[in-house]
**Student:** 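The following block contains the structure, expressed as structure tokens.
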Protein chains: 2
Amino acid sequence: MKKKFDINDLKKIHLFSDLSESELGKILSISHYKKFSRGEILFFDTEPFHGFYCVLEGSIKLYKISTEGREHIVHIMNPYNTFGEVPVFENYEDVLNDKAVYPINAMAIEDDTEVFVVSAKPFLSYLKQYPEISLKFLSTLSKRLKLLNNHIEGLTLHDIKRRLAKYIIDEYENTSREMKKIEKTKKIILKKSDSIELSISKYDLASHLGTILETLSRTFKKLQDEKIIEVHGKKIAILDIKKLKSYSA
Amino acid sequence: MKKKFDINDLKKIHLFSDLSESELGKILSISHYKKFSRGEILFFDTEPFHGFYCVLEGSIKLYKISTEGREHIVHIMNPYNTFGEVPVFENYEDVLNDKAVYPINAMAIEDDTEVFVVSAKPFLSYLKQYPEISLKFLSTLSKRLKLLNNHIEGLTLHDIKRRLAKYIIDEYENTSREMKKIEKTKKIILKKSDSIELSISKYDLASHLGTILETLSRTFKKLQDEKIIEVHGKKIAILDIKKLKSYSA
DNA sequence: CGTAACCTTGATTAAGATCAATTCTCGTGG
DNA sequence: CCACGAGAATTGATCTTAATCAAGGTTACG
């Protein structure tokens, strides 16, 4: 496997954005690069924990599976996200004694998904020397907690139409935000389009919304029949953003 | 309001257990004591954030509410737990500019629920001086993330019978663990009983399991009909722990 | 152009929510 | 001590949402 990541990749990771070159070098020295094809497993639930992951390219689903084989996607991880940090902090001793395990399954959902893995044990001693980094982690974990809270809220208090509406609105606002960022840095104006491009398969979307493919398909249709959206494959055109927002509230 | 908490109370909070007397004194100086009756609100979702809470006595439900008024309890907080820390770390700037908000509702579910509130702004500057405490927070938040993960797993992948079975088993194992602790410290042997005492109302239990009172009642009945448990008010006798565990897996 | 993966649609079923009526429990005051 | 009433819990009948089962259609890609 060609080693094709360096300090410049690390700088893009929010977690490490404030570190100096020498500190980044240390992180680099305790990490290794990995590449996955679509469908390949990064780790399984309850498998021994060895380190946490940072995404460089592609995307990864974090999911749980029921005994009957039903799958639920808890998170989708995209470039510059980190995941699998929970065991690092949850029980310090367990990590040192190789008793820690991953709490979830992780699978690449795109080809050429590139990650690097930071080894847990050396990282723990590193953490003590650079306490500022733990504040970064606190921020990361807090944001994740908030995400999970919202996810639970959706699952328990909203029906699938609302969940789907919320997903579309969130995706729409994320891409708008991304576009603004690009406009700012590149000093160009991008054409604003009232549509989104699904970044995951409909199967995975269903699993993330806590339902199944068939029900998702019907729900898309309902929103189409109400003239709120128009679906063309992975492209969702938003026809009536007000109504869509009223559902997603 | 009588001020009836001191450094000894603080010591019992996991978060502060490693701090010196003088450090605890500082925490004390930026905290204040509050007492609530059953049903009183500590804070509402989206209300301005001022500080995080530590429980001394009683218990508190953290819950979300849908527009239709349906409630879902995400956590029950008991003595020596802390909650409402997420906004502290989620966005540092927002806290300093008084823009942060609580992410959830909190209500006392017992009379004489006692808490103390640590003011966010002074705590943030304190945190920078004592970085070890952020490791404690990382551990707390990681554990909470794992809890939420399991909660989501239950909500999406298990039916209500399984969720209830899991709740009973968890409560049973928690009390067993508590008993062992007491036996160790007090050097006595407690009679082991194969039963648990529900610490919350059945309404709240239903809401925590993602269902309603009626369905919970019927589910209790199903488990009774299968001779797995026996329900007498708040007391649940476990008749067949093997079967119960097989459901909760 | 063929085949596999992906998606849609229809018919049926099942789990759990809702609505409605009682019953149980327990604290309060007569 | 009993009666009352309020809140808590149970039970039954019905309805709704979404899962399951089954079949067919689309798309992408070698």
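Note that the structure is predicted; figures quoted are calculated from it, not measured. Numbers restart at 1 for each chain; the letters A, B, ... are given by sequence-line order, proteins then strands.
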**Student:** Taking atom NZ as the centre, does B:Lys166 end up with more than 12 heavy-atom neighbours from other residues, nucleotides or ligands that are less than 6.0 angstrom away?
**Tutor:**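 No - once you tally the heavy atoms of other residues, nucleotides and ligands closer than 6.0 Å, there are 12 at most.
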
**Student:** Distance check needed: C:dA5 C1' versus A:Glu110 CD, whole Å only.
**Tutor:** 17 Å

**Student:** Regarding B:Lys202 and B:Glu214, does a basic nitrogen lie under 4.0 Å from an acidic carboxylate oxygen?
**Tutor:** no

**Student:** Do B:Tyr33 and B:Phe116 make the cut of ring centroids closer than 6.0 angstrom?
**Tutor:** no

**Student:** Determine, for B:Glu90 against A:Lys146, whether the closest basic-nitrogen to carboxylate-oxygen distance falls under 4.0 angstrom.
**Tutor:** yes

**Student:** For B:His208, which residues count as a ring pair (Phe, Tyr, Trp, His ring centres under 6.0 Å) partner, sequence neighbours excluded?
**Tutor:** B:His151

**Student:** Is the number of heavy atoms from other residues, nucleotides or ligands under 6.0 Å of A:Lys64 NZ greater than 12?
**Tutor:**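 More than 12 within 6.0 Å, yes.
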
**Student:** Round to a whole Å and report the spacing from CD1 of A:Ile109 to P of C:dC6.
**Tutor:** 12 Å

**Student:** Mind listing the N/O atom pairs, protein and nucleotides 6-10 of chain D, below 3.5 Å?
**Tutor:**
{"from": "D:dA8", "atom 1": "OP1", "to": "B:Arg38", "atom 2": "NH2", "distance (Å)": "3.2"}
{"from": "D:dT10", "atom 1": "OP1", "to": "B:Lys202", "atom 2": "NZ", "distance (Å)": "3.4"}
{"from": "D:dT10", "atom 1": "OP2", "to": "B:Ser217", "atom 2": "OG", "distance (Å)": "3.1"}
{"from": "D:dT10", "atom 1": "O5'", "to": "B:Ser217", "atom 2": "OG", "distance (Å)": "3.2"}

**Student:** Less than 4.5 Å apart, any side-chain heavy atom of B:Val55 and any of B:Ile60?
**Tutor:** yes

**Student:** With a cut-off of 6.0 Å (strictly less than), are more than 12 heavy atoms of other residues, nucleotides or ligands near NZ of A:Lys234?
**Tutor:**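 Result for NZ/A:Lys234: enclosed.
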
**Student:** With heavy-atom distances below 4.5 Å as the criterion, would you say the side chains of A:Thr113 and A:Lys35 are in contact?
**Tutor:**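 No, their side chains stay 4.5 Å or more apart.
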
**Student:** May I ask you to decide whether B:Glu85 forms a salt bridge with B:Arg144, counting only side-chain N to carboxylate O separations under 4.0 Å?
**Tutor:** yes

**Student:** A:Arg162 CZ to D:dA18 P: how many Å, rounded?
**Tutor:** 11 Å

**Student:** Atom NE2 of A:His72 and atom P of D:dA18: how far apart are they, to the nearest Å?
**Tutor:** 15 Å

**Student:** So for the helix from C:dC1-D:dG30 to C:dG30-D:dC1, with five pairs setting each end axis, what is the inter-axis angle to 10°?
**Tutor:**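 Taking the rotation axis at each end, their angle is 30°.
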
**Student:** Set out, in order, the CA-CA distance, both residues' side-chain angles and the distance that settles ring pair (Phe, Tyr, Trp, His ring centres under 6.0 Å) for A:Phe43 and A:Phe49, then state yes or no.
**Tutor:** CA-CA 9 Å; A:Phe43 51 78; A:Phe49 175 71; 8.3 Å; no

**Student:** Taking CD1 from A:Ile236 and P from C:dC7, how many angstroms apart are they, rounded to a whole number?
**Tutor:** 11 Å

**Student:** Tell me, please, which residues at least two apart from B:Glu230 pass side-chain contact (heavy atoms from CB on, under 4.5 Å).
**Tutor:** B:Gln224, B:His232, B:Ala237, B:Leu239

**Student:** Please tabulate, one pair per line, each protein N/O and nucleotide N/O from nucleotides 11-17 of chain C that are separated by under 3.5 Å, including the distance.
**Tutor:**
{"from": "C:dA11", "atom 1": "N6", "to": "A:Arg218", "atom 2": "NH2", "distance (Å)": "3.4"}
{"from": "C:dG16", "atom 1": "OP1", "to": "B:Ile160", "atom 2": "N", "distance (Å)": "3.1"}
{"from": "C:dA17", "atom 1": "OP2", "to": "B:Thr211", "atom 2": "OG1", "distance (Å)": "2.6"}
{"from": "C:dA17", "atom 1": "OP2", "to": "B:Thr215", "atom 2": "OG1", "distance (Å)": "2.8"}

**Student:** Do B:Tyr247 and B:Glu226 have side-chain atoms, one donor and one acceptor, less than 3.5 Å apart?
**Tutor:**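 Side chains of B:Tyr247 and B:Glu226: pair found under 3.5 Å.
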
**Student:** Write out a two-atom table: protein N or O, nucleotide N or O from nucleotides 23-27 of chain D, distance below 3.5 Å.
**Tutor:**
none

